[in-house]
Enquirer: 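Dropping a structure here in structure tokens format, bear with me for questions.
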Amino acid sequence: MNSKDFSTTALPEQADFVRLKVKDLFNDSNSHTTDQIYAKAKELGLELCQAQDGPHYRFHYTDQPIGEWVLIGMKQISDADGRPGVFDLSRDVRGLELFNGWAYPDDEWDFAGRFVFRLSKYES
């Protein structure tokens with residue numbers, strides 16, 4: 001969150017999220033790249049999360065099972081060394097955690113990998 005690329009919106013907004021496994025997006029047991037996952041989510045009508053969604057999602061996802069990790073599907077933010085990252089939420093015996101997980105465009109995620117995306121807002 002110390003990155004110059006991390007920003008928040010001035011006004012609060014309501015957002016709905018969906019948490020999916022890679023196999024839910026592709027209906028197979030293959031690995032898929034970050035870019036493929038993002039493209040498939042968009043094809044299905046989902047949106048990338050905003051950077052601020054990661055900390056907010058962590059705050060509200062208090063019943064996360066021990067051993068589970070979830071990546072926030074968002075535009076990557078470069079860390080101090082220039083590596084692209086996204087928010088990574090996990091829970092272990094120490095408790096709930098929020099940290100930066102590397103997510104290069106061509107990184108491959110197996111079928112059990114979990115991502116959070118925004119549900120699209122539709123005008124009525």
Side-chain angles (χ1 to χ4, degrees):
M1 292 189 301
N2 292 329
S3 171
K4 64 178 176 54
D5 296 324
F6 178 79
S7 64
T8 60
T9 57
L11 299 172
E13 68 173 325
Q14 180 69 32
D16 293 314
F17 302 97
V18 60
R19 188 174 56 249
L20 300 167
K21 291 182 181 178
V22 172
K23 72 177 181 177
D24 297 328
L25 292 168
F26 293 95
N27 200 23
D28 64 28
S29 59
N30 298 323
S31 295
H32 295 277
T33 68
T34 305
D35 278 354
Q36 289 172 328
I37 292 165
Y38 285 8
K40 185 66 171 184
K42 183 177 180 179
E43 179 185 314
L44 295 173
L46 302 174
E47 298 176 355
L48 290 182
C49 293
Q50 297 176 7
Q52 67 188 14
D53 294 337
H56 288 286
Y57 197 83
R58 169 70 295 154
F59 181 75
H60 293 285
Y61 187 30
T62 57
D63 60 346
Q64 184 175 13
I66 291 179
E68 181 191 71
W69 56 269
V70 178
L71 296 172
I72 300 298
M74 57 183 269
K75 179 180 176 195
Q76 295 94 328
I77 295 176
S78 295
D79 67 12
D81 295 323
R83 294 177 296 231
V86 298
F87 284 110
D88 189 340
L89 289 67
S90 68
R91 182 176 192 172
D92 61 19
V93 294
R94 296 171 294 185
L96 300 170
E97 298 180 315
L98 171 70
F99 56 94
N100 179 50
W102 294 338
Y104 287 89
D106 59 350
D107 278 350
E108 291 193 2
W109 307 94
D110 71 22
F111 66 95
R114 292 173 177 85
F115 284 80
V116 172
F117 294 100
R118 277 180 170 234
L119 294 174
S120 296
K121 295 179 207 167
Y122 291 101
E123 300 289 330
S124 54

Enquirer: With sequence neighbours left out, write down each residue that passes ring-ring contact (aromatic ring centres under 6.0 Å, His included) with His32, or none if nothing qualifies.
Expert: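 Phe26.
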Enquirer: Residues two or more places apart in sequence or in another chain: which of them pass salt bridge (Lys or Arg N to Asp or Glu O under 4.0 Å) with Arg118?
Expert: Glu13, Asp53
Enquirer: Quick check: does any side chain N or O of Arg91 sit under 3.5 Å from a backbone N or O of Gln64, one acting as donor and the other as acceptor?
Expert: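 Pair found, side chain donor or acceptor close to backbone of Gln64.
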Enquirer: For Asp81, what residues pass the side-chain hydrogen bond (donor to acceptor under 3.5 Å, both in side chains) criterion, not counting sequence neighbours?
Expert: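 In terms of side-chain hydrogen bond (donor to acceptor under 3.5 Å, both in side chains), with neighbours along the sequence ignored, Asp81 is linked to Arg83.
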Enquirer: Sequence neighbours excluded, which residues qualify as side chain to side chain contact (heavy atoms under 4.5 Å, CB included) partners of Asn27?
Expert: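 Applying side chain to side chain contact (heavy atoms under 4.5 Å, CB included) to Asn27 gives none.
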Enquirer: Below 4.5 Å, heavy atoms only, C-beta onward: do Phe115 and Leu71 meet side chain to side chain?
Expert: yes
Enquirer: For a 4.5 angstrom cut-off between non-hydrogen side-chain atoms, does Thr34 reach Tyr104?
Expert: no
Enquirer: Kindly write out the residues that satisfy ring-ring contact (aromatic ring centres under 6.0 Å, His included) with Tyr61, not counting sequence neighbours, or none if the list is empty.
Expert: Tyr57
Enquirer: What heavy-atom pair brings His56 and Gln52 nearest, and what distance separates the two atoms?
Expert: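 Looks like CD2-O, 2.8 Å.
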Enquirer: Looking at side-chain heavy atoms only, is the closest gap between Leu96 and Leu89 below 4.5 Å?
Expert: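 A side-chain contact is absent here, since even the closest heavy-atom pair is not under 4.5 Å.
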Enquirer: Among residues two or more places apart or on two chains, list those pairs meeting salt bridge (Lys or Arg N to Asp or Glu O under 4.0 Å) that have a residue in residues 25-37.
Expert: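 Counting only pairs at least two positions apart or across chains, no salt bridge (Lys or Arg N to Asp or Glu O under 4.0 Å) contact touches residues 25-37.
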Enquirer: Could you name each residue pair satisfying salt bridge (Lys or Arg N to Asp or Glu O under 4.0 Å) that touches residues 60-78, not counting sequence neighbours?
Expert: Glu68-Arg114
Enquirer: Minimum heavy-atom separation for Gln36 and Thr33, please, with both atom names.
Expert: OE1-N, 2.8 Å
Enquirer: Of all residues at least two apart in sequence or in a different chain, which pass the side-chain hydrogen bond (donor to acceptor under 3.5 Å, both in side chains) check with Glu97?
Expert: Ser90, Arg94
Enquirer: Among residues at least two apart in sequence or on other chains, which ones pass side-chain hydrogen bond (donor to acceptor under 3.5 Å, both in side chains) with Trp102?
Expert: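 With sequence neighbours excluded, Trp102 shows a side-chain hydrogen bond (donor to acceptor under 3.5 Å, both in side chains) to Asp79, given in chain and number order.
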Enquirer: Which donor-acceptor pairs under 3.5 Å do the side chains of residues 39-48 make with protein atoms, sequence neighbours left out?
Expert:
{"unit_1": "Lys40", "atom_1": "NZ", "unit_2": "Glu43", "atom_2": "OE2", "d": "3.2"}

Enquirer: Please list, chain by chain and in numerical order, all residues satisfying side-chain hydrogen bond (donor to acceptor under 3.5 Å, both in side chains) with Lys21, sequence neighbours excluded.
Expert: none
